[in-house]
Amino acid sequence: MRVAIMGAGNVGRSIARELIAHGHETLLIERDPHAIKSDTVPQAEWLLADGCELASLVEADLASCDVSVAATGDDKANLVHALLAKTEFGVPRTVARVNHPGNEWLFDEQWGVDVAVSTPRIMSALVEEAVSVGDVVRLLTFQRGTTNMVELTLPKDSPVVGQRVRDLTLPGDGVLVAIVRDGQAQPPDRDSAVEADDELFFLIDERYERELKQSFAPAHE
């Protein structure tokens with residue numbers, strides 16, 4: 001997979017390293033010459049250019065990318081890049097960083113954003129997750145449709161403790177995608193049982209989040 005990343009700051013370089021470690025071809029686009037630090041991610045391709053200009057994106061051959069990531073600290077630039085990537089170059093998937101929570105509403109499919117990643121939202125969700133056993137905590141919102149990634153820590157007295165994954169009844173179109181147990185992530189084996197204090201990660205329509213919580217809540221609630 002070929003991935004373009006606009007913004008070669010700490011965030012952009014960290015994303016690039018992770019992608020390269022997983023075998024993906026990565027291009028870092030940066031307009032500030034002082035931020036070009038190719039020795040920090042030598043396996044990546046680097047381009048000194050403005051990721052919000054059509055000519056620069058043509059030079060980057062953005063149309064050949066499978067994913068484009070807008071990772072700068074400027075929300076306006078991230079929106080413009082996502083829009084150009086989607087509408088002018090037909091990039092199948094766009095991911096945009098949201099720096100200021102008040103701008104989240106802009107990061108939708110009208111601006112070419114498939115996935116908006118808001119650091120403040122994620123941090124607040126992790127705080128909630130740390131103190132809210134049994135609550136559904138929304139971690140990520142996908143801009144296409146109404147599907148969210150949510151987390152629920154299974155209470156000790158939940159009626160589903162001990163049930164096999166294949167026997168779990170999820171509302172709507174919910175899908176269990178991962179289980180974190182004792183700090184270790186694992187795929188949901190259909191024949192394995194869920195245990196108390198498991199962190200369960202779901203993809204589910206926002207309309208069914210409340211019903212999901214009720215399905216896993218203790219009977220006395």
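Sequence positions, counted from 1, serve as the residue numbers for this chain.
Linking ILVMFWY residues whenever their side-chain heavy atoms come closer than 4.5 Å, directly or via other members, leaves L79 and L54 in distinct clusters. The cluster map of Ile, Leu, Val, Met, Phe, Trp and Tyr, joined by side-chain heavy atoms under 4.5 Å apart, puts F89 and I5 in different clusters. The hydrophobic cluster containing L48 does not contain M6, counting ILVMFWY residues as joined when their side-chain heavy atoms lie under 4.5 angstrom apart, directly or transitively. M1 and V95 fall within a single hydrophobic cluster, where Ile, Leu, Val, Met, Phe, Trp and Tyr are joined by side-chain heavy atoms under 4.5 Å apart, directly or via other members. Linking Ile, Leu, Val, Met, Phe, Trp and Tyr whenever their side-chain heavy atoms come within less than 4.5 Å puts V115 and F201 in one cluster.
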* To do: Let me see the working for Y208 and L170 under side chain to side chain contact (heavy atoms under 4.5 Å, CB included), right down to the final yes or no.
  => CA-CA 9 Å; Y208 297 105; L170 303 181; over 6 Å; no
* **L62/E88 under side chain to side chain contact (heavy atoms under 4.5 Å, CB included): CA gap, chis, key distance, verdict** => CA-CA 9 Å; L62 199 69; E88 299 295 331; over 6 Å; no
* Apply salt bridge (Lys or Arg N to Asp or Glu O under 4.0 Å) to R93 and D66, showing your working. => CA-CA 7 Å; R93 189 166 184 79; D66 303 287; over 6 Å; no
* **Verdict with reasoning, E209 to I204, per side chain to side chain contact (heavy atoms under 4.5 Å, CB included)** => CA-CA 7 Å; E209 289 180 10; I204 192 166; 4.1 Å; yes
* Quick one: do E206 and V150 satisfy side chain to side chain contact (heavy atoms under 4.5 Å, CB included)? Show the steps, please. => CA-CA 9 Å; E206 61 185 20; V150 303; over 6 Å; no
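For the residue pair C52 and V80, the shortest heavy atom distance occurs at CB-CG1, 3.8 Å. Nearest heavy atom pair, residue R97 against residue F107, reads O-CE2, 3.5 Å. Nearest heavy-atom pair, L47 versus I36, reported as atom, atom and distance to 0.1 Å: O-CD1, 4.3 Å. P155 approaches V161 most closely through the heavy-atom pair O-CG2, 3.5 Å. Contact between D39 and P42 at its shortest, heavy atoms only, is O-CD, 3.4 Å. Closest non-hydrogen pair, C65 versus V3, comes out as SG-C, 4.5 Å.
The main-chain N or O of D197 is never found under 3.5 Å from a side-chain atom of T153 such that the two would form a donor-acceptor pair. Under a 3.5 Å cut-off, the side chain of D75 and the backbone N or O of V98 do not form any donor-acceptor pair. Formation of a donor-acceptor pair under 3.5 Å by the S158 side chain with backbone atoms of F216 is found in this model. Distance alone, capped at 3.5 Å, places no donor-acceptor pair between the S56 side chain and the A49 backbone. Judged by distance alone, the side chain of D205 and the main-chain N or O of R207 form a donor-acceptor pair under 3.5 Å. Looking only at distances, no side-chain donor or acceptor of D32 sits under 3.5 Å from a matching main-chain atom of A8.
The side-chain heavy atoms of V165 and V194, taken from C-beta on, include a pair separated by under 4.5 Å. Between N78 and N99 the shortest side-chain heavy-atom distance falls below 4.5 Å. You'll find the side chain of L57 reaches within 4.5 Å of the side chain of I29, heavy atoms only. Using a 4.5 Å heavy-atom threshold, the side chains of Q43 and V41 count as touching.
With F202 as the fixed residue, the side chain to side chain contact (heavy atoms under 4.5 Å, CB included) test singles out one of L212, V175, V177: L212.
Listed by first and then second residue, the side-chain hydrogen bond (donor to acceptor under 3.5 Å, both in side chains) pairs that reach into residues 14-25 are R2-E25, sequence neighbours excluded.
Atom CD of Q163 sits about 12.0 Å away from atom OG of S192, to the nearest 0.5 Å. The structure places CZ of R181 at 3.5 Å from CD of E195, a figure rounded to the nearest 0.5 Å. We find the CD-OG1 distance between E30 and T72 to be 9.0 Å, quoted to the nearest 0.5 Å. Summarising the geometry, atom CD1 belonging to I20 is positioned 11.5 Å from atom CD1 belonging to I15; distances are rounded to the nearest 0.5 Å. Note: D198 CG to L176 CG = 9.5 Å, rounded to the nearest 0.5 Å. With rounding to the nearest 0.5 Å, the separation of CG in N10 from OG1 in T40 is 9.0 Å.
In R31, the CZ atom is not crowded: 12 or fewer heavy atoms of neighbouring residues, nucleotides or ligands sit closer than 6.0 Å. Residue-environment remark: CG (D182) stays at or below the threshold of 12 foreign heavy atoms within 6.0 Å.
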